[in-house]
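All residue numbers refer to positions in the sequence shown, counting from 1. All ligand and atom numbering here is 1-based and tracks the order in the structure.
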Amino acid sequence: MRRDLTIASGGTLRKIQVDRFGSAEVMQLVEADLPHPSSNQVRVRVCAAGVNPADAYIRSGTYAFARPELPYTPGFDAAGIIEEVGEGATAHHVGDRVFVAGILALHTGAYAEAMVCDATAVFPLPEHLTFQQGAAIGVPWVTAFRALFQRGHLQPGETVLIHGASGGVGLPAVQMAAHFGAIVVGTAGTKAGMTLIRSHGAHAALNHSKEGYLEPIDVITSNSGVGLILEMLADRNLEKDFSVLAKGGRIVVVGSRGKLSFAPRLSMIKEADIRGTALWNMTVADHTQAMDAIMGYLDGEELLPVVGTVFKLSEAPNAHDFVRLGGALGKCVLDCE
Ligand code: NAP
């Protein structure tokens, strides 16, 4: 469905601006002129923006992978409607419903009422998805795909432990792995999180806030262990992971927020592979493979982006605090309408 657009607020927009790196309070809501797309770019009227933990790391100025020039507007992921098309961006039309997945071009700017981005970062949003669901796709879904398949080499029928399954990355990972035919064990820190991950295809859900929570894996795998672990908090869990890993198993480190002292011998006993992953290392071919698969999942309507907590654009500082503190029940998004 296409809509006729009028540019609101007399050629200006509201956006979050960061003038210096620091705590969440450095994000200010400002008014600015509407930007116009250059060649091979489009301007998207942003209806919703995804809030990723990386947005908060970048804003703090301590992120190893990206330190944008100041001032900048945070946010890689968005969904909305195309309202202006630059020369050469022939695949897109004014009025198209789209989502923006800007990670490969290091495209920030989604925390705004409108953003200009490369046409290659813009994908059609299937009609059955809301803009908030569209904003939940980019970074988390590409991360889930990369971790499971490009780095984790998941096999059908294999058991995968998704250690931190209730959040933005974990829930698409649960759905993709179950859809692929793996046996999925997920963890969450709340009862509601455990229910959520089961309802999206996890065969078993464990509570990572409880002592001894990994013990049922022996029974689930008939003592053979899990072949693959996606780890969202490696500094907390990596040592524990070896206790439930099968011989020759792989651990893909997706998230880590600190240091860890552990015995490397554990990796010898299991002949384990510990593999890091970071989206920033993806090649164009990796990204194309991931996006092709994701568009297939979405068009098939079997896998769904799960929206958790929603904040207003003006509440971006609260959203950054929220993703740091946890208690996720799906993807945190900003409502930018
Ligand atoms: P999120 O939506 O905030 O979710 C965080 C997840 O971590 C929740 O499922 C949370 O569960 C879980 N968690 C909390 N305590 C845990 C524990 N002790 N053990 C295991 N899991 C725990 O964040 P996200 O977007 O899914 O991102 C998850 C992590 O991956 C973050 O560290 C993020 O920076 C990282 N990440 C990395 C890449 C990459 O390229 N490597 C890309 C995207 C994200 P409860 O809230 O239920 O406790």
Side-chain angles (χ1 to χ4, degrees), residues 50-60 62-66 75-77 101-104 106 135-148 150-152 161-176 185-198 200 202 205-214 229-241 244 251-258 260 274-282 286-287 290 305-311 319-333:
V51 179
N52 291 296
D55 302 344
Y57 311 150
I58 292 169
R59 184 221 65 230
S60 73
T62 58
Y63 195 42
F65 298 101
F76 294 105
D77 299 335
I103 193 80
L104 209 57
L106 275 180
I137 299 169
V139 166
W141 280 58
V142 175
T143 303
F145 183 87
R146 180 162 181 77
L148 284 172
Q150 293 177 340
R151 299 291 290 144
L161 168 64
I162 300 177
H163 214 160
S166 50
V169 176
L171 276 165
V174 166
Q175 295 181 68
M176 288 176 198
V185 181
T187 78
T190 61
K191 267 197 171 168
M194 291 165 70
T195 304
L196 187 67
I197 62 183
R198 267 200 222 92
H200 286 281
L206 308 173
N207 188 335
H208 54 233
S209 62
K210 295 249 160 60
E211 203 57 42
Y213 64 94
L214 292 178
I229 299 177
L230 298 200
E231 185 49 74
M232 304 301 164
L233 204 54
D235 53 301
R236 193 85 66 82
N237 298 325
L238 193 59
E239 185 164 12
K240 288 196 281 260
D241 286 339
V244 294
I251 301 173
V252 177
V253 176
V254 179
S256 185
R257 292 183 172 175
L260 167 74
I274 307 168
R275 303 173 183 178
T277 188
L279 286 189
W280 321 90
N281 295 320
M282 288 179 96
D286 291 338
H287 194 258
V306 181
V307 175
T309 308
V310 181
F311 292 90
H320 276 206
D321 288 343
F322 178 79
V323 293
R324 199 169 43 83
L325 293 175
L329 292 173
K331 179 73 200 160
C332 177
V333 301

Report the C-alpha separation of Arg146 and Asp286 in whole Å, then their side-chain angles, then the decisive distance to 0.1 Å, and conclude whether the side chain to side chain contact (heavy atoms under 4.5 Å, CB included) test is met. CA-CA 8 Å; Arg146 180 162 181 77; Asp286 291 338; 3.2 Å; yes

Return yes when atom CZ of Arg198 has more than 12 non-hydrogen atoms of other residues, nucleotides or ligands closer than 6.0 Å, and no otherwise. yes

Partners passing ring-ring contact (aromatic ring centres under 6.0 Å, His included) against Tyr63 (at least two apart in sequence or in another chain): Tyr57, Phe65, Trp280

Heavy atoms only: give me the nearest Leu196-Gly330 pair and the separation to one decimal. CD2-N, 3.9 Å

Arg257 side-chain N/O to Leu233 backbone N/O, donor-acceptor pair under 3.5 Å: no

Enumerate the pairs of nitrogen or oxygen atoms, one from ligand 1 and one from the protein, separated by less than 3.5 angstrom; state names and distance to 0.1 Å.
unit_1	atom_1	unit_2	atom_2	d
ligand 1	2 (O)	Gly168	N	2.8
ligand 1	9 (O)	Ser166	N	3.2
ligand 1	9 (O)	Ser166	OG	2.8
ligand 1	9 (O)	Gly167	N	3.0
ligand 1	11 (O)	Ser166	OG	3.1
ligand 1	11 (O)	His208	NE2	3.4
ligand 1	18 (N)	Arg236	NH1	3.4
ligand 1	19 (N)	Asn237	ND2	2.9
ligand 1	26 (O)	Gly168	N	3.2
ligand 1	26 (O)	Val169	N	2.9
ligand 1	32 (O)	Tyr57	OH	3.3
ligand 1	34 (O)	Tyr57	OH	2.6
ligand 1	40 (O)	Leu279	N	2.9
ligand 1	41 (N)	Val254	O	2.9
ligand 1	41 (N)	Thr277	O	2.8
ligand 1	46 (O)	Gly327	N	2.8
ligand 1	46 (O)	Ala328	N	2.9
ligand 1	47 (O)	Ser166	OG	2.7
ligand 1	47 (O)	Gly189	N	2.8
ligand 1	48 (O)	Gly189	N	3.4
ligand 1	48 (O)	His208	NE2	2.8

Check whether Lys331 reaches the backbone of Val51 with its side chain - one donor and one acceptor, N or O, closer than 3.5 Å. yes

